[in-house]
Every structure is written in structure tokens, then in C-alpha cells.
Amino acid sequence: SKDKKTFTLNNVNFNLRTNRLVTKISEDSIFVLNMKAIEDVNIKGKVFKKIDTEIGSRIFEVIYESDKVSLLNFHSVKLVQGSVNPMLSRKTDKLVHREEYYISNEQGITELKLKKKYILDSFANNDAEKSSLSKYFIENKLSFKKINDIKVALKLRGNKEI
């Protein structure tokens with residue numbers, strides 16, 4: 001919490017529809033965590049933080065964090081309507097989990113597309129760093145479209161190995 005206390009809960013879930021963290025406290029009761037008093041939440045190794053944006057307060061998963069920049073993942077859910085048309089093979093409604101990636105730095109929070117150009121522009125300060133980061137991706141057969149590959153490269157870059 002923000003007052004440096006740590007709490008352990010057995011069952012914490014992230015509600016994608018409401019963008020809230022909840023826990024079941026009894027058979028018929030759910031407790032919604034107040035993120036104003038909580039600094040971050042660790043769920044099975046994934047860290048979630050509440051960050052105020054232009055749109056409002058949102059809970060993001062922190063993928064990578066350094067002093068200057070953070071890579072964030074916003075989880076949401078989208079309703080895909082079913083169709084009575086048998087040619088569409090979608091008879092019932094379904095909820096689809098969506099992920100959007102964001103960069104948080106001193107300028108604010110901006111959406112990040114998982115493409116080489118955007119990643120190099122976001123995490124490299126000059127042409128030499130862009131070249132070094134690009135070379136690292138190529139040498140280690142990493143993809144700019146896979147978030148785990150980006151996470152590995154950024155962690156090594158943070159350790160000054162790139």
C-alpha cells in the first residue's frame with residue numbers, strides 16, 4: 001500500500017469489464033480493492049498499478065519499468081455480437097480479451113504499436129542506440145511483434161548489456 005504495508009490475499013482477480021481488482025471474501029461477497037490506497041498489486045508475478053491518464057484512472061500491467069520509461073499493458077474486454085447468419089459461424093455473443101500496449105515517460109502515456117519503428121523510437125535516444133537495439137534483436141532472433149521478446153531486450157538494455 002502507499003503507507004508501505006503489505007497484504008496477502010488468496011484469491012485476487014482482475015475484472016476486465018470494470019477494470020478493477022476484486023477478491024472473494026465469502027460465498028456471496030466480493031470485495032473491490034480501493035486502488036487509491038494501493039501502490040501496486042502482484043498477481044502470480046504480474047505487477048498491476050493504477051495510473052491516471054487523460055481518459056481517467058486505469059489499471060495497467062507493468063511489463064517493463066525503469067527510471068525514465070515504462071512499458072504498460074492495458075487489458076480490456078470487447079463484446080462480439082453473435083449473428084443469426086449461418087455463414088458467419090458466430091451463433092452466440094462472445095467476450096474477446098484485448099491487450100493494448102502503452103509507453104509511460106515524462107511526456108505522459110502514449111499507445112505503442114508493436115512494430116520496429118515505434119519500439120526503436122520509444123526506447124532508443126539516438127541513432128547509435130537504435131542501431132544497437134536493432135542489432136540485438138537480429139542477433140538473438142527476437143521479434144518486435146512479441147511482447148516477451150521486447151521485454152527480454154529491454155531488461156538487458158536496462159542492465160547496459162546492449
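Basis for what follows: all heavy atoms, side chains included, without hydrogens, waters or symmetry-related copies. For the single chain, residues carry numbers from 1 onward in sequence order.
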*asked:* Quick check for you: to the nearest 0.5 Å, what is the distance between S122 atom OG and I103 atom CD1?
replied: 4.5 Å

_How long is the straight-line distance from OH of Y118 back to OG1 of T110, given to the nearest 0.5 Å?_
11.5 Å

*Among K151, K146, K145, which one satisfies side chain to side chain contact (heavy atoms under 4.5 Å, CB included) with D149?*
K146

*Drop me the distance from E65's CD to D67's CG, to the nearest 0.5 angstrom.*
9.0 Å

_Rounded to the nearest 0.5 Å, what separates atom OH in Y136 from atom CD in E129?_
15.5 Å

_Pairwise ring-ring contact (aromatic ring centres under 6.0 Å, His included) hits with a residue in residues 73-94, at least two apart_ = F60-F74, H75-H97

_Point-to-point distance, once rounded to the nearest 0.5 Å, from CD1 of I59 to NZ of K50_ = 8.5 Å

_Any pair counted as ring-ring contact (aromatic ring centres under 6.0 Å, His included), so long as it reaches residues 29-59, sequence neighbours left out_ = F14-F48

*Approximate separation, where rounding is to 0.5 Å, of L71 CG and E61 CD*: 9.5 Å

*Any side-chain heavy atom of K94 within less than 4.5 Å of one from T92?*
no

*Can you check whether D40 reaches V62 side chain to side chain, under 4.5 Å on heavy atoms?*
no

_Does anything in residues 9-22 form a side-chain hydrogen bond (donor to acceptor under 3.5 Å, both in side chains)? List the pairs, not counting sequence neighbours._
N11-T23, N15-T18

_Within-4.5 Å side-chain heavy-atom neighbours: Y101 and N73_ = yes

*Sidechain-backbone polar pair: S134 side chain, K130 backbone, donor-acceptor under 3.5 Å*: no

_Taking atom CD as the centre, does E106 end up with more than 12 heavy-atom neighbours from other residues, nucleotides or ligands that are less than 6.0 angstrom away?_
yes

_Side chain proximity check, D52 to S57, heavy atoms < 4.5 angstrom_ = yes

_Please check this pair: side chain of N140 against backbone of L142, looking for a donor-acceptor N/O pair closer than 3.5 Å._
no

